[in-house]
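As the structure is a prediction and not an experimental result, all values here were calculated from the model.
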Amino acid sequence: MKLKEQVANLMSKQPFQTLKSEQRRKESMLILDELNIPKNSEFYEFYSTYYGRNLNYRGGASPIVDPSPPQKSLLRTAFFAREVWEVPEQYILFSTGEGEGGYLYNKEDGTVWDFTLGEQKLLGTNALRHWHSFYEFMVWYLTGTDDEE
């Protein structure tokens with residue numbers, strides 16, 4: 001099964017409706033466009049299709065946020081990471097940032113990075129835990145626990 005289908009299957013097992021209404025899809029796309037997320041990326045596809053907040057997810061993982069109004073959390077976390085943590089422009093923080101770290105999406109190459117404050121120089125290197133695609137990250141995020149690795 002392809003990663004996209006695995007993610008769709010895992011999202012269908014969430015205890016609430018995860019598919020966005022057409023109105024929420026449009027609102028989310030405006031925010032994704034504002035963040036310059038490539039329209040052909042897995043990240044754009046996921047966040048314009050599904051609600052990303054309040055998901056049942058891997059034990060020990062950080063909660064992810066969603067671009068949907070009224071919260072527009074993705075805009076706030078992206079701005080925070082860039083302005084306060086001085087994370088490079090191509091990275092979007094899409095988790096809450098609690099605990100001085102979180103998950104960063106690289107909009108240039110589609111990778112996802114498990115980041116802790118102070119590790120900015122390690123971004124893009126094998127020194128940090130990362131996933132080669134957003135859907136690869138989401139399959140990890142929506143299954144199991146860190147103890148199983």
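The minimum heavy-atom distance between L104 and L123, with the atom names listed, is CD1-CD2, 3.7 Å. Across every non-hydrogen atom of L3 and S133, the tightest pair is CD1-OG, 3.8 Å. Nearest heavy atom pair, residue I31 against residue P67, reads CD1-O, 2.7 Å. Of all heavy-atom pairs between H132 and H130, the closest is CE1-NE2, 3.8 Å. S21 and Y51 get closest at one heavy-atom pair: N-OH, 4.3 Å.
Proximity of K107 to N36: side-chain heavy atoms (C-beta onward) are separated by under 4.5 Å at one or more points. Inter-residue side-chain proximity for V7 and V139 is flagged as met; some heavy-atom pair is nearer than 4.5 Å. For the pair F79/L35, no side-chain contact is recorded, criterion being any heavy-atom separation below 4.5 Å from C-beta on. Within the 4.5 Å cutoff, no side-chain heavy atoms of L128 are placed close to those of D114.
Using modelled atom types, one side-chain atom of E42 and one backbone atom of Y135 make a donor-acceptor pair closer than 3.5 Å. Listed for the Y91 side chain is no donor-acceptor partner under 3.5 Å among the backbone atoms of Y103.
Atom NZ of residue K72 and atom CG of residue D66 lie 12.5 Å apart, to the nearest 0.5 angstrom. Here F115 contributes atom CZ and S95 contributes atom OG; the two are 10.5 Å apart, rounded to the nearest 0.5 Å. With rounding to the nearest 0.5 Å, the separation of CD in E100 from CD in E119 is 11.5 Å. Atom CZ of R53 and atom CG of L74 lie 11.5 Å apart (nearest 0.5 Å). Taken to the nearest 0.5 Å, the OG1 atom of T143 stands 10.5 Å off from the NZ atom of K13. Between Y141 atom OH and N56 atom CG the span is 9.5 Å, to the nearest 0.5 Å.
Using bins of under 30°, 30° to 60° and over 60° for the plane-to-plane angle, the ring pair Y105/F134 lands in the perpendicular bin. Under the 30°/60° scheme for interplanar angles, the aromatic rings of Y50 and F46 are found to be tilted.
Pairs passing the side chain to side chain donor-acceptor pair (under 3.5 Å) check and including a residue from residues 23-34, sequence neighbours excluded, read K20-S28, Q23-E27, R24-E27, R25-T49, S28-S68, D33-K39, D33-Y44.
Atom CD of Q17 sits in a crowded spot, with more than 12 heavy atoms from other residues, nucleotides or ligands closer than 6.0 Å. Atom CD of E86 has 12 or fewer heavy atoms from other residues, nucleotides or ligands within 6.0 Å.
Both L122 and V87 are assigned to one and the same hydrophobic cluster, defined by single-linkage of ILVMFWY side chains at heavy-atom distances under 4.5 Å. When the side chains of ILVMFWY residues are joined at heavy-atom separations under 4.5 Å, either directly or via intervening members, I64 and L19 end up in a single hydrophobic cluster. Both I37 and M138 are assigned to one and the same hydrophobic cluster, defined by single-linkage of ILVMFWY side chains at heavy-atom distances under 4.5 Å. In terms of hydrophobic clustering, with Ile, Leu, Val, Met, Phe, Trp and Tyr side chains grouped at heavy-atom distances under 4.5 Å, L117 and V112 are assigned to different clusters. Placement of L75 and L32 within a single hydrophobic cluster is found when ILVMFWY residues are connected by side-chain heavy-atom separations under 4.5 Å, directly or transitively.
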Handout entry: Working for side chain to side chain contact (heavy atoms under 4.5 Å, CB included), residues N54 and Q14
Key = CA-CA 9 Å; N54 301 323; Q14 292 292 316; over 6 Å; no

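Taking the six-membered ring wherever Trp is involved, the centroid distance between the rings of F94 and F43 falls below 6.0 Å.
Every side-chain contact (heavy atoms from CB on, under 4.5 Å) that T111 has, sequence neighbours left out, goes to N106, D109, W113.
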